[in-house]
Amino acid sequence: MSDPYKALDYLDVDELYTDEERMIRDTVRSWVSDRFLPIIAEHNRAATFPTHLIPELGELGVYGASLQGYGCAGLSPVASGLICQELERGDSGLRSFVSVQGSLCMYPIHAYGSEEQKQRYLPKMATGELIGCFGLTEADFGSNPGGLLTKAVRDGDHYVINGSKYWITNGSTADVAVVWAKCEGTIKGFLVDKGTRGYQGKPIKNKFSLRASDTSELVLEDVRVHRSQLLPGVEGLRGPLSCLTQARYGIAFGAIGAAQAAFDEACRYSKVRIQFDKPIARFQLVQNKLVWMASEITKAQLMCWKLGKMKEAGTMHHYHVSMAKRNSCWMALECCRLGRDILGANGITDEYQVMRHMCNLESVITYEGTHDIHGLIVGRQLTGEDAIL
Amino acid sequence: MDIIVCIKRVPDLAEAGLEIAADGRGLRTEDLDFDINEWDDYAVEAAVRLKEQHGGVVTAITVGDEDAEEVLRRALAMGADQAILLDDAAFAGADPFAIATALHACIRSLPFDVVLCGAVTSDGASGQVGGMLAALLDVPQVALATGLEVDGGRARVRHEVEGGLEREVEVALPCLITAQSGLNQPRYVSIRGIRKVADVAIAARSAGDLGLAATAVGEAGSRVRLEGLLLPPAGKRAEILEGSLDAAVATLVERLRERGGL
């Protein structure tokens with residue numbers, strides 16, 4: 001209630017959300033204000049994730065919130081998008097944690113797992129008792145995941161996995177990893193439990209971005225997993241890409257939250273920062289920046305709302321998500337750059353949020369499909385010409 | 001235990017640039033955000049905790065139009081079992097007495113052991129509805145509660161009294177208690193909770209349903225008439241006292257003397 005944050009909603013986009021969607025958004029918003037924002041600067045400095053909040057987020061119900069059953073909330077796509085928006089208003093690392101848990105780990109188990117796998121993992125992942133990660137990217141295979149080198153070889157009732165994964169959010173924290181490996185040339189998904197011999201997560205240190213988030217390398221050396229740990233429902237690149245569509249959908253909403261945080265901070269600051277005996281908000285150049293930010297945020301809100309409605313109706317395709325993910329990350333990063341500019345020298349300290357968000361967004365605009373790759377996906381859809389392969 | 005909690009949907013006035021509506025008797029609400037009154041949030045939390053400890057039914061009630069449903073649904077998501085919306089054009093323009101009249105007419109037909117209200121609302125800020133409602137219901141009330149325990153037909157309540165003091169009193173049930181900030185730390189409304197109550201029907205009651213004449217409620221039934229709403233005149237610029245601490249204190253004392261403060 002004491003939170004001074006006011007989320008920009010210039011065109012009353014709120015009106016487009018259902019009461020339930022608004023209520024869910026508001027409860028996550030106040031949780032972020034009360035529980036997360038007071039400690040984020042400290043965790044960002046120390047490069048630690050606030051793990052003590054993991055069960056609270058479970059109680060709130062944000063893990064796998066769009067999934068049905070198994071202790072998940074079964075929310076509308078817009079509601080689950082708004083959760084991402086509010087979490088990322090706190091920090092992209094917080095939203096990443098929840099996205100990876102829900103969209104990249106719980107989603108494939110829910111969509112492609114056996115009933116036994118679902119029963120074993122999903123209820124505990126919904127409460128945060130079990131944490132998941134997603135191992136697709138390798139050090140040498142980022143935009144081209146199809147080239148991945150990690151191999152799984154069948155040996156009786158087991159598979160033996162060898163390889164390594166890089167840039168894995170939650171990698172060192174996770175109790176279970178969804179590892180994508182090639183088995184006789186075909187990509188398949190495996191659930192690898194923490195503690196399995198030969199499996200190890202190693203934190204990647206000295207990041208300028210997503211500091212309050214665990215980013216790791218996964219090392220897999222002769223890791224033997226029982227065949228019951230294979231995700232039976234999918235084969236090929238389609239499997240991991242379908243997960244990424246879910247996660248990118250969340251990012252498209254999430255980045256709006258970071259942009260709203262930057263806007264709110266900059267707008268507030270401009271009204272109280274006095275230069276030449278007047279608030280800098282009275283200068284045309286400052287207003288122009290705020291107007292740009294507000295316009296882009298509003299456009300992104302409308303785009304994401306429509307995307308959510310298409311997801312609900314079953315008409316959303318991955319190339320729609322690409323446009324929204326690409327647009328949201330770009331505009332959010334630009335908003336942070338402008339916001340930092342309005343804050344002047346003060347903007348470079350962690351007393352203000354904007355530079356933390358800006359640094360984070362350098363990752364967000366890169367992971368889960370870079371800005372350029374998403375441009376090529378949309379370009380392919382528009383022209384019928386494939387400029388990627 | 002039957003627990004009733006009275007709540008209100010209020011505008012967030014903390015950060016807003018307030019504007020008076022065209023009729024001069026209210027605020028322009030277009031740009032305002034609305035939420036449950038902060039003190040009512042403590043009351044709902046207290047009600048749900050009593051239910052969790054002693055079992056029973058929590059009923060949330062508000063007076064308002066269909067927009068006010070959202071605070072009832074929020075109370076349901078926090079753990080209330082049923083909700084009643086007192087919705088009638090006749091309720092508009094009510095003073096605290098007319099609100100208490102409507103609430104009383106609804107509550108008198110319900111079983112109750114404890115009625116909880118917020119101590120005050122952040123918009124009207126009269127703090128009168130709880131006391132008036134207790135009088136109409138003819139039950140004891142304890143205002144500004146900061147602690148509450150119920151045991152065997154009696155409530156032990158810690159509450160604020162004059163002079164910055166607190167005291168503990170015991171009252172027999174049924175009673176009415178108004179919640180002061182600090183009574184508890186309200187829970188976050190969980191997403192599962194919100195989902196669970198998405199389809200719960202909220203009963204609406206008109207003045208007629210409550211056996212009230214339209215003249216007994218709303219503006220007609222009010223004893224206080226709001227003539228107009230004014231924004232406070234813009235103050236002169238604040239003065240920041242410069243110089244060393246001693247010099248600033250000396251200037252401050254001088255200023256206070258000049259203006260009769262000392």
Side-chain angles (χ1 to χ4, degrees), chain A residues 1-10 12 14-15 17-36 53 56-69 71-76 79-80 82-83 86-87 98 102 126-127 264 267-268 271 274 277, chain B residues 9-17 29-42 44-45 65-79 83 85 118 120-123 179 181-182 185-200 202 237-238 240:
Chain A
M1 303 267 176
S2 59
D3 179 23
Y5 172 64
K6 189 144 172 96
L8 177 77
D9 185 13
Y10 195 76
D12 196 12
D14 251 29
E15 187 185 61
Y17 306 142
T18 64
D19 286 350
E20 184 179 312
E21 287 161 354
R22 271 198 300 271
M23 209 185 292
I24 288 166
R25 192 257 328 260
D26 290 347
T27 196
V28 178
R29 181 176 289 171
S30 48
W31 183 89
V32 167
S33 294
D34 299 346
R35 302 290 299 156
F36 185 78
L53 296 178
E56 280 186 38
L57 285 162
E59 223 167 279
L60 209 55
V62 301
Y63 302 132
S66 62
L67 302 177
Q68 293 284 352
C72 303
L75 300 186
S76 74
S80 55
L82 290 172
I83 291 175
E86 294 312 314
L87 294 173
V98 173
T127 60
D264 182 57
C267 188
R268 218 172 269 280
K271 293 184 214 169
I274 310 290
D277 298 323
Chain B
R9 177 176 179 266
V10 295
D12 176 7
L13 304 178
E15 284 278 311
T29 54
E30 286 85 348
D31 295 332
L32 296 177
D33 293 333
F34 285 80
D35 203 349
I36 187 172
N37 174 45
E38 180 180 344
W39 287 265
D40 299 347
D41 205 19
Y42 302 120
V44 174
E45 177 66 29
D65 57 14
E66 61 183 23
D67 288 338
E69 249 195 58
E70 70 182 24
V71 293
L72 291 176
R73 217 163 270 290
R74 190 178 181 285
L76 290 168
M78 281 175 78
L85 175 67
V120 68
T121 55
S122 60
D123 57 349
S181 51
Q185 175 69 47
R187 67 198 64 196
Y188 291 98
V189 186
S190 84
I191 290 165
R192 290 183 199 89
I194 293 170
R195 285 295 291 158
K196 222 161 70 183
V197 303
D199 301 321
V200 173
I202 290 179
R237 288 185 71 165
I240 295 173

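Letters A, B, ... mirror the listed sequences (proteins, then strands); counts begin at 1.
- Applying the side chain to side chain donor-acceptor pair (under 3.5 Å) rule to S76(A) yields the partners E21(A); only residues at least two apart in sequence or on another chain are considered.
- Contact annotation for E20(A): both backbone and side-chain heavy atoms come within less than 4.5 Å of a heavy atom of chain B.
- Residue with the most contacts toward chain A among S190(B), A77(B), A198(B): S190(B) (heavy-atom pairs, distance under 4.5 Å).
- When heavy atoms are compared at a cutoff of 4.5 Å, A7(A) does not approach chain B at all.
- At a 4.5 Å heavy-atom cutoff, the contact between R73(B) and chain A is made by backbone and side-chain atoms alike.
- Annotation: the span from R74(B) atom CZ to M23(A) atom CE amounts to 8.5 Å, rounded to 0.5 Å.
- Note that CG of D41(B) and OG of S30(A) are 9.0 Å apart. Values are rounded to the nearest 0.5 Å.
- For R35(A), the side chain to side chain contact (heavy atoms under 4.5 Å, CB included) partners two or more places apart in sequence, or in a different chain, are W31(A), L53(A), E56(A), Y188(B).
- For the pair T27(A) and I194(B), the minimum side-chain heavy-atom distance is below 4.5 Å.
- V62(A) touches chain B through backbone and side chain together, each having a heavy atom under 4.5 Å away.
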Item to check | Worked check of side-chain contact (heavy atoms from CB on, under 4.5 Å) between I191(B) and V28(A) | outcome: CA-CA 9 Å; I191(B) 290 165; V28(A) 178; 4.1 Å; yes
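- A distance of 9.5 Å separates CD of E59(A) from CZ of R187(B), quoted to the nearest 0.5 Å.
- The candidate with the highest count of non-hydrogen atom pairs below 4.5 Å against chain B, out of D19(A), L60(A), D26(A), is L60(A).
- For a residue to count as touching a neighbouring chain, one of its non-hydrogen atoms must lie under 4.5 Å from one of that chain's; by this rule A73(A) touches chain B with backbone and side chain alike.
- Contact check for D12(A) versus E30(B): no side-chain heavy atoms found under the 4.5 Å cut-off.
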